Amino acid sequence: MKGSFEMSTFNAPPTAEAYLNARQADRLTLTAGRVISLAGVVLPLLLIGILKFTQVEIEALKPLINGTPWLAWLYSVFGFAGTSYLLGVVELFTAVLFIASFWSVRAGLAAGALGALTFATTASTLFALPIWEAASGGAPYLTFVGSFLIKDVALLGISLAVLGESLIKNHTAMSLHAETANADA
């Protein structure tokens, strides 16, 4: 049907041939989008990761972690400061992996997986914490906590996109390696 929207076409990543045949402006737009998306993941991971080593952040995490039953166990295992430090190390390490994903498929795989795990965990707290502003009439008005956490849904999506792209690149590289090995045999 003319003018119909095909979801399968929209979801498919561009092939190498399509990318190479695309207009330079289109490739530049895609590249800029990727860079800005990754900056949008890296900056919060770096800046909030660094904060995890401060007393202010250790205190700020207490109601969030204690209010989430599937995370509260962290305090009994690592303590308040240890939990914050652990989260900080994971966030900083993940940020470095996202940066390295520009050059390394393995870094992209690890960054996408760690980022997805991190942001799925933080986004899941939306189901346990009070995120609707009662004084404003409840949903759709977010509390400060809700407005802070809602961004993690987008960051989860970017992490999954990096993971998916890295999986495709890894599979393609493995297929090419197998074809080359078979041709040499």
Side-chain angles (χ1 to χ4, degrees), residues 7 10-14 28-54 56-75 78 80 82-133 139-171:
M7 186 59 97
F10 176 75
N11 288 330
L28 182 60
T29 301
L30 179 60
T31 300
R34 285 181 175 154
V35 169
I36 292 168
S37 295
L38 282 176
V41 174
V42 169
L43 287 172
L45 285 169
L46 284 176
L47 297 173
I48 296 171
I50 290 168
L51 273 177
K52 295 291 192 286
F53 297 94
T54 67
V56 170
E57 186 70 5
I58 292 168
E59 294 300 320
L61 285 174
K62 287 179 181 178
L64 301 176
I65 292 176
N66 277 326
T68 308
W70 50 92
L71 296 179
W73 65 270
L74 290 167
Y75 284 151
F78 300 107
F80 296 122
T83 297
S84 188
Y85 299 163
L86 172 66
L87 296 174
V89 167
V90 169
E91 290 171 355
L92 293 172
F93 184 64
T94 304
V96 170
L97 287 169
F98 271 117
I99 293 167
S101 73
F102 281 109
W103 303 279
S104 168
V105 172
R106 287 184 179 164
L109 291 167
L114 277 173
L117 178 63
T118 297
F119 296 119
T121 301
T122 56
S124 75
T125 65
L126 290 165
F127 298 109
L129 299 172
I131 62 166
W132 305 117
E133 185 61 64
Y141 305 106
L142 291 169
T143 63
F144 174 77
V145 170
S147 62
F148 174 74
L149 292 171
I150 200 75
K151 70 176 177 356
D152 289 3
V153 176
L155 298 175
L156 170 60
I158 294 169
S159 297
L160 289 171
V162 168
L163 177 60
E165 187 175 79
S166 297
L167 287 167
I168 290 168
K169 288 178 181 177
N170 188 56
H171 178 74

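In this text the structure is predicted, and so the values were computed from the model without any measurement. Only heavy atoms go into these numbers, but all of them, side chains included; no hydrogens, no water, no symmetry mates.
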task = Mind running side-chain contact (heavy atoms from CB on, under 4.5 Å) on V90 and L45 for me, showing each step along the way?
result = CA-CA 9 Å; V90 169; L45 285 169; over 6 Å; no

If I take atom [atom1] from residue [X] and atom [atom2] from residue [Y], how far apart are they, to the nearest 0.5 angstrom?
{"X": "T125", "Y": "I65", "atom1": "OG1", "atom2": "CD1", "value": "9.5 Å"}
{"X": "L156", "Y": "T122", "atom1": "CG", "atom2": "OG1", "value": "8.0 Å"}
{"X": "L51", "Y": "L87", "atom1": "CG", "atom2": "CG", "value": "12.5 Å"}
{"X": "L71", "Y": "T121", "atom1": "CG", "atom2": "OG1", "value": "6.5 Å"}
{"X": "S84", "Y": "F78", "atom1": "OG", "atom2": "CZ", "value": "12.5 Å"}
{"X": "I150", "Y": "L155", "atom1": "CD1", "atom2": "CG", "value": "11.0 Å"}

ask   = For E57, does its backbone N or O pair with a side-chain atom of T54 as donor and acceptor, under 3.5 Å?
value =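 Yes, T54 side chain to E57 backbone: donor-acceptor pair under 3.5 Å.
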
query = Does S104 reach the main-chain N or O of A100 with its side chain, forming a donor-acceptor pair under 3.5 Å?
reply =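 Absent.
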
[X] versus [Y], closest heavy-atom pair with distance:
{"X": "A107", "Y": "S101", "result": "CB-N, 3.9 Å"}
{"X": "T83", "Y": "L74", "result": "OG1-O, 3.1 Å"}
{"X": "P63", "Y": "L129", "result": "O-CD2, 4.0 Å"}
{"X": "G67", "Y": "A128", "result": "O-CB, 3.6 Å"}
{"X": "S159", "Y": "F98", "result": "OG-CZ, 3.5 Å"}
{"X": "N66", "Y": "Y75", "result": "OD1-CD1, 3.4 Å"}

F119 vs I158, side-chain contact (heavy atoms from CB on, under 4.5 Å): CA-CA, chis, key distance, verdict = CA-CA 10 Å; F119 296 119; I158 294 169; over 6 Å; no

So do the side chains of [X] and [Y] get within less than 4.5 Å of each other, counting heavy atoms only?
{"X": "E91", "Y": "I48", "value": "yes"}
{"X": "F148", "Y": "L142", "value": "no"}
{"X": "L61", "Y": "K52", "value": "yes"}

inquiry  = Show, in sequence, the C-alpha distance, side-chain angles and deciding distance for I58 and F53, and conclude whether the side-chain contact (heavy atoms from CB on, under 4.5 Å) test is met.
reply    = CA-CA 7 Å; I58 292 168; F53 297 94; over 6 Å; no

ask   = Does one side chain, of S124 or W70, offer a donor that lies under 3.5 Å from an acceptor on the other?
value =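 Note: S124 and W70 side chains meet the donor-acceptor criterion.
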
message = Ring of F80, cation from K62 - is the NZ or CZ under 6.0 Å from the centre and inside 45° of the axis?
response = yes

